[in-house]
Amino acid sequence: MVTRLVLVLGDQLSPGLSALCAADKAHDVVVMAEVMDEGSYVPHHPKKIALILSAMRHFAEELRADGWQVAYTRLDDPEATPSIVGELIRRAQEFGASEVIATQPGEWRLIKALEEAPLTVRQLPDDRFICTLEEFDRWAEGRKELRMEYFYREMRRKTGFLMEDGQPAGGKWNFDHDNRKRAQADLLRATPLQFEPDAITAEVLDLVEGRFGKHFGRLRPFWFAVTRAGAAQAFDHFARNLLAGFGDTQDAMLEGDAFLHHSVISMYLNIGLLNPMDICTSIVEEWQAGRVPINAAEGYIRQVIGWREYVRGLYFREGPDYATRNALGHGRDLPAMYWGAETRMNCVSQAVDVTEKEAYAHHIQRLMVTGNFALMAGIDPAQVHDWYLSVYADAFEWVEAPNVIGMSQFADGGIIASKPYVSSGNYIDKMSDYCRSCAYSVKDKTGDDACPFNLLYWDFLIRHRDRFGRNPRMGPVYRTWDKMEATRRQAVLDGAARVLGDLDAGRIV
Ligand code: DLZ
Ligand code: SF4
């Protein structure tokens with residue numbers, strides 16, 4: 001029997017992967033490869049690279065223990081080539097193989113590379129998701145608007161999660177209304193489960209430090225789980241200790257408390273160490289046992305079976321050009337503060353600091369602080385996209401691009417978001433304690449001390465009035481502007497011009 005190669009990528013670390021299921025343990029060879037190209041096509045955070053490489057090494061051990069032959073390339077192997085395709089070609093020669101079985105990668109770039117490889121590569125659907133791409137297309141076909149909420153209801157019906165006699169448990173599909181509370185400091189609050197690096201991880205950390213040490217982001221202390229068992233423990237710890245408070249404060253931000261009630265398991269889910277059905281089953285059990293309220297359980301499940309599946313469906317439906325879209329024609333360079341340079345804006349500083357330390361920030365920091373600022377300041381969405389893809393341990397293009405290009409930057413022209421997610425400093429002040437220790441004044445709408453979010457908010461809306469002025473959901477804000485005194489309006493626009501001028505000149509904002 002001719003040997004075939006079975007490709008397993010760094011975010012495909014699941015025993016039930018379609019490529020593994022289609023292969024023959026007795027004859028086929030699993031190919032796993034640590035390659036420079038995947039670590040550097042964007043400057044991934046060193047913690048993210050270490051997570052992936054260490055988890056790959058642990059997964060290769062699991063596969064071997066399970067009887068697979070694994071041809072594993074380490075980054076420092078002298079004969080290693082820099083790319084996935086390069087490694088497939090090398091292994092094909094080594095094992096006399098001409099056919100490769102793969103699971104479709106989560107990024108068009110790699111799908112294309114496999115299609116163009118001088119080998120026969122069979123790309124199987126990635127079935128680690130609840131909704132197949134065909135099912136998503138069927139749902140989307142003929143709809144004028146692709147709103148997550150309706151898709152989510154389909155997924156609730158399909159999975160049966162939080163359903164009672166065909167109706168949503170608790171009488172409502174969505175309990176977000178209860179999920180907008182401020183957070184209180186709590187020294188006794190649990191934090192995500194942290195793990196000591198084992199010998200394999202320690203070796204990977206040295207390697208990553210040597211090869212990618214110049215990338216933005218702190219490598220140590222490294223505390224992520226790198227195995228399925230570790231990830232499951234981290235999830236159970238969340239479900240038992242933090243889930244109950246997840247709903248209430250899911251949109252809150254607190255200085256010095258990066259994680260609040262968030263689970264911080266998306267990186268494990270997205271590299272395949274956790275399975276979405278399993279974690280939702282556990283969440284439902286916590287609710288059924290009366291240990292967590294419905295708003296927490298529903299809010300969490302919506303992220304996993306609703307939002308996560310919805311953005312994936314859209315990424316593949318929209319096609320390879322999605323991440324290059326720029327519907328608002330934004331072209332300003334991403335300011336250096338995103339890479340850790342000084343800023344006087346405390347909210348941005350807090351969000352970037354935690355990103356640098358942990359390769360993590362929670363969704364409101366991403367959407368309403370760094371994303372909101374980039375959108376209002378007119379930053380080139382491609383640069384914003386590259387930044388998010390680089391710095392977050394859970395960021396893979398299928399999930400990151402719809403969130404950034406679509407939801408956050410409105411660069412897809414409104415496929416995902418029905419209106420741009422912009423807000424003045426008021427929202428940040430309401431949901432956080434950041435403004436208290438900021439050099440700017442959130443109460444000031446004009447003048448040198450005025451919060452830049454207050455200035456840029458109006459400037460953005462006015463710059464794009466042609467596009468958004470007729471959107472019924474935005475009518476009230478434009479009417480507020482029109483009612484403002486002319487001198488005040490001018491002072492706001494002058495202030496915004498000063499902020500944008502400072503950004504362009506590389507001055508500290
Ligand atoms: C993100 C990443 C990194 C940093 N390194 C590797 C690697 O060395 N080998 C590998 O197989 N995969 C890696 N990955 C994940 C791939 O980039 C990922 O499969 C694509 O981003 C598609 O989701
Ligand atoms: Fe951010 Fe403005 Fe608040 Fe400062 S005042 S923390 S810039 S929202």
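For ligands, and for the atoms within them, numbers begin at 1 and follow the listed sequence. Scope of the values below: all heavy atoms of this structure, side chains included, with no hydrogens, waters or symmetry mates.
The ligand atoms of ligand 2 that sit less than 4.0 angstrom from a heavy atom of V442 are 5 (S). Close approach to E34 involves these atoms of ligand 1, each under 4.0 Å from a residue heavy atom: 8 (O). Shown in contact with A33 at under 4.0 Å from a heavy atom are these atoms of ligand 1, numbered in order with element: 7 (C), 8 (O), 9 (N), 10 (C), 11 (O). The distance from ligand 1 to the heavy atoms of I84 drops below 4.0 Å at these ligand atoms: 10 (C), 11 (O). Heavy-atom proximity to C438, at under 4.0 Å, picks out these atoms of ligand 2: 4 (Fe), 5 (S), 6 (S), 7 (S). Of all the atoms in ligand 1, the ones that sit under 4.0 Å from a non-hydrogen atom of G10 are 10 (C), 11 (O), 12 (N). Atoms of ligand 1 found under 4.0 Å from any heavy atom of H44, numbered from 1 in the order shown, are 1 (C), 4 (C). Set against the non-hydrogen atoms of L110, the atoms of ligand 1 under 4.0 Å away are 19 (O), 20 (C).
Of all protein heavy atoms, the one closest to atom 2 (Fe) of ligand 2 is C451 SG, 2.3 Å. Of the protein's non-hydrogen atoms, the one nearest atom 1 (Fe) of ligand 2 is C347 SG, 2.4 Å.
Ranked by closest heavy atom to atom 18 (C) of ligand 1, the top entry among D126, L75, D11 is D11. Of the listed options F396, F212, Y41, W108, F396 places a heavy atom closest to atom 15 (C) of ligand 1. With M345, R436, M368 as candidates, the residue nearest to atom 7 (S) of ligand 2 on a non-hydrogen basis is M345.
Between M56 and ligand 1 there is a heavy-atom distance shorter than 4.0 Å. I271 does not count as a contact of ligand 1, since none of its heavy atoms falls under 4.0 Å from the ligand.
Ring geometry for H464 against F468 counts as perpendicular: the plane angle is over 60°, on a 0 to 90° scale with 30° as the lower cut. Taking the six-membered ring where the residue is Trp, H330 and F460 present perpendicular rings, their angle passing 60° and hence far from 30°. In this structure, Y392 and W387 have perpendicular ring planes: the angle between them is above 60°, well past the 30° mark.
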- Could you walk me through whether Y434 and Q365 pass the side chain to side chain donor-acceptor pair (under 3.5 Å) test, one step at a time? CA-CA 11 Å; Y434 293 158; Q365 290 174 308; 3.1 Å; yes

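Here the OG atom belonging to S83 is positioned 7.0 Å from the CD1 atom belonging to I89, to the nearest 0.5 angstrom.
With hydrogens and angles disregarded, a donor-acceptor distance shorter than 3.5 Å links the side chain of H45 to the backbone of E356.
Taking backbone and side chain together, C435 holds an N, O or S atom under 2.8 Å from atom 3 (Fe) of ligand 2.
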